[in-house]
Amino acid sequence: MTETLAAGRQTETDAVPAIRLRKLTKEFGDTVAVNNVDLDIRQGEFFSMLGPSGSGKTTVLRLIAGFELPTSGSIELEGKDVTGMAPFERDLNTVFQDYALFPHMSLIDNVAYGLRVRGVPKKERQERAREALERVQLGKFVGRRPAQLSGGQRQRVALARALVVQPKVLLLDEPLGALDLKLRQQMQVELKELQRSLGITFIFVTHDQEEALTMSDRIGVFNNGSLEQIGTAHEIYERPAGAFVANFVGTSNIFDAAHAQKLYGRAEQVCVRPERLRLSWTDAAPEPRAGVTSRPGTVTSLVYVGHATQVRVQLDDGPAVVVLTPELLTGGDADLLDRRVTVSWDDAAAVWLPSGGS
Amino acid sequence: MRLSRSAKVVLGVITALVFLFIYLPLLLVVVNSFNADRTFGWPPKGFTLEWWGRAFDSPGVREAVVSSLWVAAVSTLISLVLGTLLALALLRYKFFGRDVISLLVILPIALPGIVTGIALNNMFTTILGVSLSMWTVVIAHATFCMVTVFNNVIARLRRMHGGLEEASADLGAGVFTTFRLVTFPQLRSALLAGGLLAFALSFDEIIVTTFTIGAGDTTLPIWILQNLFRPNQAPVVNVVAVVLIVVSIVPIWLAQRLSQDSVGIGATRVKATEG
């Protein structure tokens, strides 16, 4: 974890980061919601804060926005210390989880709000709000009230309202959480395109690992108020820095230190992704090959997931593992269950998990 | 729950009787204000507007109406400001003694009027040494009128999306701009409902008023009390009572339509003072 952090920091030294958090800590009474977080978010980056609920990611977002004050530590926005500033003094805007649109205002007044409080003349702010609404395909609905819109439309209004004041950084607090799957996937693409075309830094909070993986330039994984790992989607998925990340982002088969000792002669946790495991429907030991490990086992359950089948195998001399196999399995569950199989994987696909993780 | 036919009939009859018992006397007062018979014999001998005319011509009545309206208006205004500030403070901020304060705010509406009256009378005359006047009545009324505003506002604030104020701050609005453009519009109907209730409470209040009003001043209820047992004033008292009923019921009815949730405690108080 410390290695990754250090690496993340080194690349930042040349440019001023959009957001810089130093030793950020927030306590609510006895609970430590955010624990000593160091983080640099680059200019123009799509950065996701990923973690289960209660992991501190939303609190970090609220600290950045200024809705909460940190117990200790500092927050810099483009090199300027904003730690003690009120939300309205910070040049960043938020898209709230439940949108928080003003129910007594029409869409155009909602979107023009930020311009209104900045003293932009009525004609200009109406015009800019209209443009912003057209950009999110809601140009026809300018006179409507938020209550007359669907969830997806409200989401777009919230986005337009936050972007019309041209913030340096846009904070998004699980903005897609309330949408159904199809709409959500569509909005993921739209958000990503919007971010690319505007070049604004997006900080996106989510508990959905798939969402984080598909949208982000970089991801910070939170657990218990601390950052477990920072890296690109590829790094997070292929090289998890600890057991928590390995399990939270995708599924992992983790061999504990004792098993790893038997397999590789090294007493540290090691993990292999289910899709990296191969299955052969025989327990006859295959010819040993360099760089490939094989172990016999028994099939205990099968789950068909459409594009593949999840096969759960109890290894004779090891833990139960999940194998994701793309092959079409013929025969009913009765034929396949309790069959003797051999699970094998390339040693290169095995990732050592530093014990510091969790 | 399904009720049998006979149960429905019985319950219906009981309800009707109770309402008759409550509203028939009120109706009688209204009818008698137009009754040509000075002794209010039944059935009424004929229709007359004489008593209404006399009431309007009476300087005592006119003065009492103006005083009551003024007292009600000013104490409502004070209640609106203080009730709103209190509700905002108690709901939005955590501080030492918050629970105690929220109890102390509600308490005046539960205290018997006579206790409040004696206590305030003592306070004004012996401790503060101010002479009793319309202003002391206003202050006394504000102590319990504030509660109806407070209740309405706090109920609305509880239901109001807390994120709205954050969103406003996030978009660059300071504390006062946020209140003006976001919080106040959300509270508007609650303030109207609370204010109307406060107005109605103050307008027909008599017990606390008796103890805090200056010598020579009269409000409408005080005028009625003073003239109730003068036989030649009886018809005019009926007219004044009708005015009182109308001015009290209309705001309550409006308030109930405006806010479905929090008029309860205000309404109980009204019944208690009228009964």
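In what follows, chains are A, B, ... by sequence order, proteins preceding strands, each numbered from 1.
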Part of [X] lying under 4.5 Å from any heavy atom of chain B:
X	result
A:Arg62	side chain
A:Asp91	neither
A:Leu115	neither

Are side-chain heavy atoms of [X] and [Y] found at a separation under 4.5 Å?
X	Y	result
B:Asp170	A:Phe67	yes
B:Ser168	A:Val117	no
A:Phe96	B:Leu164	no
A:Arg116	B:Leu181	yes

(message) Please find the pair of heavy atoms, one from B:Ala167 and one from A:Ala100, that lie closest to each other, and give the distance.
(response) CB-O, 3.8 Å
(request) Can you see which heavy atom on A:Tyr113 is nearest to which on B:Thr178, and at what distance? (result) OH-CA, 4.2 Å
(message) As an exercise: rank A:Ala65, A:Ala86, A:Pro103, A:Ala158 by heavy-atom pairs under 4.5 Å with chain B and give me the winner.
(response) A:Pro103
(message) Strictly distance-based, threshold 3.5 Å: is any side-chain N or O of A:Arg90 a donor or acceptor partner for the main-chain N or O of B:Gly172?
(response) no
(request) Tell me, yes or no, whether the heavy-atom count around B:Tyr93 atom OH, taken from other residues, nucleotides or ligands under 6.0 Å, exceeds 12. (result) no
(request) Pick one of side chain, backbone, both or neither for B:Gln186, based on which atoms fall under 4.5 Å of a heavy atom in chain A. (result) side chain
(message) If the contact rule is any heavy atom under 4.5 Å from chain B, which residues of residues 120-146 of chain A qualify, in numerical order?
(response) none
